[in-house]
Amino acid sequence: MQTSNVSLPIYLIEDDTTQECKSLISSLPKETGWVVSSLYNYQGFWHPSRQLQGVLSCQKHFEAQESDILLVTTPKSGTTWLKAIVFSLINRTRFSQTINHHPLLSNNPHILVPFLELKLYVDNENPDLSCLTSPRLFSTHLPFVSLPNSVLDSHCKVVYMCRDPKDTFVSLWAFANKLRLKEMGTNSLEEVLDKFCRGVSLYGPFWDHVLGYWNESLINPEKVFFLKYEEMKEQPEFHLKKLADFLGCSFSSKEIEENAVEGILNICSFDNLSNLKVNKEGKLPSGENSSAFFRKGEVGDWKNHLTAEMAKRVDNICDEKFDGSGLKF
Ligand code: A3P
């Protein structure tokens, strides 16, 4: 596998963090990162230093509004897809899926739905978000315990998507290798699997991240909608309708007759998005190639990369961590 980057995304650049962030970091547990040299454990989860700065600012300053929608994922669980889907869903009366100037045709989904801690708050301690039209749509990889208080105190909605840990891991391994600078070489699968299993991955431990939102979705189903990538792949129409109901924008019978559900799924499909010029050749302002977010988009690709023994190792951790929770992959 080739590394392709000549520079790191902004949220991974390690020097140049604030004094507040530097002094916090000096007290935190530290491990070697997948892309940059160090990850720090803050509130039980692992972050690179610059990202942590974004987390702190967003925790301090983000004021959720009642009508906000927050998309939360573990990295490589289908964030790009979820952003495209929810953006199209809530804007479906503004932009018909059949028109040739739908924003998704000329913008990567990450432009249309910005990350809080990786984009809006990473370099700006308190960005002015008041000019955004309602409902505001944001995304984050923050674990439940690290969400800004205002998210929990308001009636804003949280949509969580996760994915089979073996596919998430393979996708993360491939993505991290794409982000690494040429001179860093690539991470071997074995090396990073070991870290992943010890919980040391971006926003890991994976299991704790998923369980945080799973448990909250059971306690507070009006607040947190829990979705798996595999479920969305298997029954996309069913889950898109459920998502619309959850967000208070159910499809009317006229819309169903006119194939509005299918229209959204088509424009957001892997085949459609990954073949658009903007996603094949474009770059995000944060520095990543847009194409890095579209690899295979399949369920079960882990079988092409993990040995039976590696898969068993991940499965055993899942069995142990999810025992009694009702959650299965
Ligand atoms: P693979 O690496 O397994 O192909 P994220 O968006 O959270 O970074 O996750 C990226 C993963 O979602 C990648 O998985 C990518 O190919 C897949 N993906 C991107 N767009 C998708 C889409 N429209 N439909 C389904 N999967 C998609």
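Both ligands and their constituent atoms are indexed starting at 1 by order of listing.
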Does Lys228 pair with Asp164 as a salt bridge, N-O distance under 4.0 Å? no
Interfacing atoms of ligand 1 (cut-off 4.0 Å, heavy-atom, Gly297): 1 (P), 4 (O), 16 (O), 26 (N)
State whether Glu231 and Lys242 are salt-bridged, where the test is any N-O pair (Lys NZ or Arg NE/NH1/NH2 against Asp/Glu carboxylate O) under 4.0 Å. no
Protein residue, atom and distance nearest to atom 6 (O) of ligand 1, heavy-atom basis: Thr80 OG1, 2.5 Å
Report the nearest protein non-hydrogen atom to atom 5 (P) of ligand 1: residue, atom name, distance rounded to 0.1 Å. Thr79 N, 3.4 Å
Any idea which protein heavy atom is nearest atom 13 (C) of ligand 1, and the distance to it? Ser171 OG, 3.6 Å
Do the side-chain N and O atoms of Glu117 and Thr140 include a donor-acceptor pair separated by under 3.5 angstrom? yes
Nearest non-hydrogen protein atom to atom 3 (O) of ligand 1, with distance, is Arg163 NH2, 2.9 Å
Can you name the atoms of ligand 1, numbered from 1 with element, that are less than 4.0 Å from a heavy atom of Phe294? 16 (O), 19 (C), 20 (N)
Could you tell me if Thr73 and His141 have a donor-acceptor pair between their side chains, going purely by distance under 3.5 Å? yes
Show, in sequence, the C-alpha distance, side-chain angles and deciding distance for Phe175 and Leu202, and conclude whether the side chain to side chain contact (heavy atoms under 4.5 Å, CB included) test is met. CA-CA 11 Å; Phe175 185 70; Leu202 272 186; 5.9 Å; no
So which bit of Cys268 gets within less than 4.0 Å of ligand 1, heavy atoms only: side chain, backbone, both or neither? backbone
Tell me: protein heavy atom nearest atom 26 (N) of ligand 1, and distance? Tyr229 OH, 2.7 Å
Take Asp315 and Lys166, measure what salt bridge (charged side-chain N to carboxylate O under 4.0 Å, His left out) needs, and give me the verdict at the end. CA-CA 8 Å; Asp315 288 343; Lys166 299 191 287 299; 2.7 Å; yes
Salt bridge check, Lys178 against Glu288: does any charged N sit closer than 4.0 Å to a carboxylate O? no
Report yes if some N/O of Leu273 lies less than 3.5 Å from some N/O of ligand 1; otherwise report no. no
What residue and atom, counting heavy atoms only, is the protein's closest point to atom 22 (C) of ligand 1, and at what distance? Trp81 CG, 3.4 Å
Can you tell which part of Ser77 has a heavy atom less than 4.0 Å from ligand 1: side chain, backbone, both or neither? backbone
When you look for heavy atoms under 4.0 Å from ligand 1, do you find them on the side chain of Ser269, its backbone, both, or neither? backbone
Does the distance from a Lys or Arg side-chain N to an Asp or Glu carboxylate O, for Asp194 and Arg198, drop under 4.0 Å? yes
With His155, the side-chain hydrogen bond (donor to acceptor under 3.5 Å, both in side chains) member among Glu66, Lys223, Glu222: Glu66
Nearest protein heavy atom to atom 15 (C) of ligand 1, by residue and atom, and its distance? Phe293 O, 3.3 Å
Which of the numbered atoms in ligand 1 are under 4.0 angstrom from any heavy atom belonging to Gly78? 5 (P), 6 (O), 7 (O), 9 (O), 12 (O)
Derivation and outcome, side chain to side chain contact (heavy atoms under 4.5 Å, CB included), residues Tyr229 and Trp81: CA-CA 9 Å; Tyr229 180 91; Trp81 190 23; 3.6 Å; yes
Under 4.0 Å from ligand 1, counting heavy atoms only, is it the side chain of Phe175, its backbone, both or neither? neither
Return yes or no for this condition: an N or O of Asp167 is under 3.5 Å from an N or O of ligand 1. no
Among non-hydrogen protein atoms, atom 8 (O) of ligand 1 lies closest to Lys76 NZ, 2.6 Å
Under the criterion ring pair (Phe, Tyr, Trp, His ring centres under 6.0 Å), which of Trp207, Tyr203, Phe144 is the partner of Tyr213? Phe144
